[in-house]
There are 2 protein chains.
Amino acid sequence: MTRRPGIDEVARLAGVSKSTVSRVLNGAPHVSARAREAVRRAVMQLDYSPNQAARSLAGHRAHAIALVVSEPSGRVLADPFFAGVMRGVHAELAGHRTQLVLMMSQPGDVGSYLTSGHVDGALVISLHGHDPLLSLLHDNGLPVVAGGRPLAGGPVPYVDSDNFTGAVEATQHLVSLGCERIGTIAGPADMAVGLDRLSGWRRAMSGRRTDLVVHADFTPEGGAAAMTSLLAREPELDAVFVAADIMALGALQVLHAAGRRVPDDVAVVGFDDSVPAVPPLTTVKQDVEKFGRMLTWRLLAEIEGEEGLPPSVLLPTSLVLRTSA
Amino acid sequence: MTRRPGIDEVARLAGVSKSTVSRVLNGAPHVSARAREAVRRAVMQLDYSPNQAARSLAGHRAHAIALVVSEPSGRVLADPFFAGVMRGVHAELAGHRTQLVLMMSQPGDVGSYLTSGHVDGALVISLHGHDPLLSLLHDNGLPVVAGGRPLAGGPVPYVDSDNFTGAVEATQHLVSLGCERIGTIAGPADMAVGLDRLSGWRRAMSGRRTDLVVHADFTPEGGAAAMTSLLAREPELDAVFVAADIMALGALQVLHAAGRRVPDDVAVVGFDDSVPAVPPLTTVKQDVEKFGRMLTWRLLAEIEGEEGLPPSVLLPTSLVLRTSA
DNA sequence: CGGGTTTCTGGGAGCGCTCCCAGAAGTTTC
DNA sequence: GAAACTTCTGGGAGCGCTCCCAGAAACCCG
C-alpha cells in the first residue's frame with residue numbers, strides 16, 4: 001500500500017495552505033473560486049481522501065451515526081421491515097458524508113461506547129419494554145431518535161407508523177366481511193408496535209368477543225405456534241388479524257396443513273405488506289423506506305441543532321386488498 | 001454532555017503513566033498485576049471509554065471493517081440470506097472491539113474511501129459481473145474477502161456455498177421423482193451464484209431437455225415473472241428448480257393463480273431454506289450464519305497477518321425434503 | 001482617497017491517543 | 001558480587017486533520 005497523500009501534499013500541489021484545503025473540503029465559505037478549483041484539481045490528481053480519524057479527532061465530529069438494534073437475538077435483521085428501514089437510512093445518508101455503524105445491543109457496553117463520541121447520534125430500533133438505553137443516551141446528550149414509539153415514553157423523539165389506525169382498518173375489513181369469530185396474532189407484549197396493533201384490533205372489535213388473542217414474536221415460527229393455539233382454542237375461528245406479514249407466513253402454513261382454506265374458511269389480514277404469500281395477503285401497507293428516511297432526517301437535523309423540529313412523526317398506513325381476506 | 005475523561009485522567013487516578021494505561025487497554029505484555037488492577041479500577045470508576053478517533057489516528061488501525069453491498073438497488077438487504085450473513089458477521093465480531101460499517105457501493109467513491117485507512121478491511125458481498133472494486137481494493141493492499149465467488153476470478157479469497165452440488169442434488173431429486181419437463185428459474189447471469197446453481201441443474205439434467213431456463217434477479221417479483229414465462233413456454237411443465245427461496249415465493253403465487261397444484265402438478269425445489277411457504281418448500285439448505293462467521297474470521301485473520309490461510313472456503317449444502325417436491 | 005467593512009488566506013496549537021526509546025527495577029548466571 | 005538479562009515504567013514525539021487568530025487583499029461608502 002503506497003502511502004496515502006495528506007492534506008499538505010494537496011495544499012502544496014494546489015499552491016495554497018492546509019487551511020484553505022480544509023475549507024474547500026468542508027464547503028466552508030470565504031474561499032475564492034480560483035483556490036477552490038485548484039484544490040479540486042489537486043484532490044483529483046492525487047486521488048486524495050481525507051483521513052476520517054484525524055477529522056474526527058480534530059473536529060469533534062465522528063461523521064458517523066449508529067443504527068442500534070436493541071435486540072440480542074438479531075431477529076429483526078431477518079425482518080423485511082428492517083431491510084426497508086435500512087434502505088431508507090442509506091438513501092437519506094447519501095450525500096451527507098456520514099457513515100453508518102451497525103450495532104447490536106448487548107446490554108451494558110453499548111451505552112458507554114455510544115456516549116464516548118464515537119458516533120454523532122444514534123438510531124435505536126426494535127426497542128423492548130422499558131429498555132434504559134434510550135434515556136441513558138439521551139441523558140448523556142447524545143442525539144437519539146427511536147424507530148417505533150418507546151413504551152416507556154420519555155423525551156426522545158420517535159418515528160412510527162400509525163399502527164393503531166392500521167389495525168383498526170384491517171379488523172374493520174374482517175368485520176365488514178361478516179366474520180364472526182375473529183382472532184388476532186399480536187406482536188410482543190413488551191413493544192409498542194405490538195400493543196398498538198392489538199389496541200386497534202380491540203377497538204374495531206368493540207361489542208364483540210375479544211378473547212382470541214395470542215402474542216407472538218414477529219417470526220414465522222412464532223406465527224405458526226400462535227395459529228395452532230388459536231385454532232385449538234376456537235376451532236370455528238373464521239378470521240384472524242396477524243400483526244405482521246412475517247408471522248402470517250407461519251400462520252398460513254398451519255392453516256393450510258389444517259385443511260382450512262384461505263379466505264373461504266378463515267380470512268387473514270396481515271400487516272407490513274412485506275412478503276408475497278399464497279394466497280396473496282390482504283395487509284396493511286406501511287412505507288418502510290420512508291420510515292428509515294424520516295428517522296435519519298430527524299436525527300441529522302437534531303445533530304445539526306436545527307430548531308422547531310416535530311417531537312415525533314406518525315406515518316400513515318393503508319389497507320391493501322388482495323386475496324386472503 | 002459532561003466532558004469525557006481522557007487517558008491521562010485515568011493515569012492520574014491509577015497512579016501510573018499514560019503509557020501504562022494504554023498498555024493495559026490494549027492487552028500488551030509487560031505490565032505488573034498491580035498496575036493492571038489499578039488501571040482497571042480507574043477505568044471503571046471514571047466510566048472511561050477510549051476515543052476511537054484518537055486510537056485510529058495514532059495507531060494506524062481503524063478498528064472497523066466494512067461490509068460492502070456491491071449493489072446499488074439495495075435488493076440484497078431484503079434477502080434473508082443477507083440477514084443471516086449479517087448475524088454471523090456480528091457474532092464473529094463480538095469481542096474483537098471492531099465496528100461494522102455498512103456501505104452500499106455507489107460505483108466510484110467507495111473504492112477510494114475504503115483504501116484511505118478508514119477501515120482495516122472489507123467484506124464484499126453480492127458481487128456482480130466483473131466489478132473492478134475487488135481488484136481495486138486488493139491492489140491497494142486492503143485486506144478483502146468476498147462473500148460468494150467473484151466471477152472474474154483473481155487473487156481475492158472468498159467464502160461461498162457449494163452452489164453447484166446443492167443444485168445438482170435438488171435437480172436429481174426432481175428427476176428421481178419422475179418429473180419429465182423440468183425447468184429452472186436461475187439467478188442473475190452475471191453472478192457466480194446464479195451461474196453455479198444453473199450449472200448444477202444442467203449437470204443433473206444431462207441427457208434431458210435443458211432449454212427451460214429463465215434468469216431472474218433474486219426477488220419475488222422476478223421469480224413470479226420468470227414462472228409466468230416458463231409456463232407460457234411449456235404449459236406441460238411438471239417441475240421447476242428455483243435458485244432461491246425468495247424467488248420461489250413469487251413462483252408459487254403464479255402457480256397458485258394458474259391453478260397448478262404443488263407438488264401434484266408442478267414440483268418445486270428452492271434454494272437457501274430461508275422462507276416458510278405454502279406448501280412448505282423442499283429446498284437446499286445452507287448455513288448462512290456460518291457463512292457470515294467464516295467471512296469475518298477469514299478477514300480478521302488476514303488483517304492480523306496470519307500465515308497459511310486457506311485461499312477460499314466452500315461450505316456444504318444439504319437437501320431438505322418438505323412438501324413442495 | 002482614507003477609514004471602515006468584508007472576503008480571503010496562512011500559521012500553528014492541539015484533538016487524545018500509540019508507540020518508540022531509554023532508564024529503573026528485579027532475576028538469573030557464573 | 002558483577003555482568004547480562006528480562007520485566008516493568010514514564011517521557012514525549014507525532015498521527016493528519018480542524019479551527020482560531022491575525023493579517024493581507026479587495027471592496028464600499030461618503
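Per chain, numbering begins at 1; letters A, B, ... match sequence-line order.
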Is the phosphate of C/dT18, meaning OP1 or OP2, less than 4.0 Å from a side-chain N or O of B/N26? yes
Nearest-angstrom distance from the residue atom CG of A/L57 to P of D/dG16: 12 Å
Would you mind classifying the nucleic acid contact of A/D8 as base, sugar-phosphate or nothing, using non-hydrogen atoms under 4.0 angstrom? nothing
To the nearest 0.5 Å, what is the distance between OG (A/S56) and NE2 (A/H118)? 10.0 Å
Check side chain to side chain donor-acceptor pair (under 3.5 Å) between B/Q286 and all other residues, then give those that pass, not counting sequence neighbours. B/S161, B/D272
How many angstroms lie between atom CD1 of B/I65 and atom CG of B/D120, to the nearest 0.5 angstrom? 9.0 Å
Rounded distance (Å) that lies between atom P of D/dT18 and atom CD of A/Q52: 10 Å
Verify the neighbour count for atom CZ of A/R97: are there more than 12 heavy atoms of other residues, nucleotides or ligands below 6.0 Å? no
Nearest whole Å is fine: how far is C/dT18 P from B/R61 CZ? 12 Å
Pairwise distance CG(B/L127) to OH(B/Y158) - rounded to 0.5 angstrom: 12.5 Å
A/N51 has an atom CG; how far is it from atom P of C/dC15, in whole Å? 18 Å
Answer yes or no: does a side-chain N or O of A/Y48 lie under 4.0 Å from OP1 or OP2 of D/dG16? no
Short N/O separations, protein against nucleotides 8-14 of chain D, under 3.5 angstrom:
residue: D/dT9; atom: OP1; partner: B/S32; partner atom: OG; Å: 2.7
residue: D/dT9; atom: OP2; partner: B/S32; partner atom: N; Å: 3.0
residue: D/dT9; atom: OP2; partner: B/S32; partner atom: OG; Å: 3.4
residue: D/dG10; atom: OP2; partner: B/S17; partner atom: N; Å: 2.8
residue: D/dG10; atom: OP2; partner: B/S17; partner atom: OG; Å: 3.0
residue: D/dG10; atom: OP2; partner: B/T20; partner atom: OG1; Å: 2.9
residue: D/dG10; atom: N7; partner: B/R23; partner atom: NH2; Å: 3.2
residue: D/dG11; atom: N7; partner: B/S19; partner atom: OG; Å: 3.2
residue: D/dG11; atom: O6; partner: B/S19; partner atom: OG; Å: 2.8
residue: D/dG12; atom: O6; partner: B/S19; partner atom: OG; Å: 3.4

A/I7 CD1 to D/dC15 C1': how many Å, rounded? 14 Å
To the nearest angstrom, how far is B/L46 atom CG from C/dG16 atom C1'? 15 Å
When rounded to the nearest 0.5 angstrom, what distance separates CG in B/N26 from CZ in B/R61? 10.0 Å
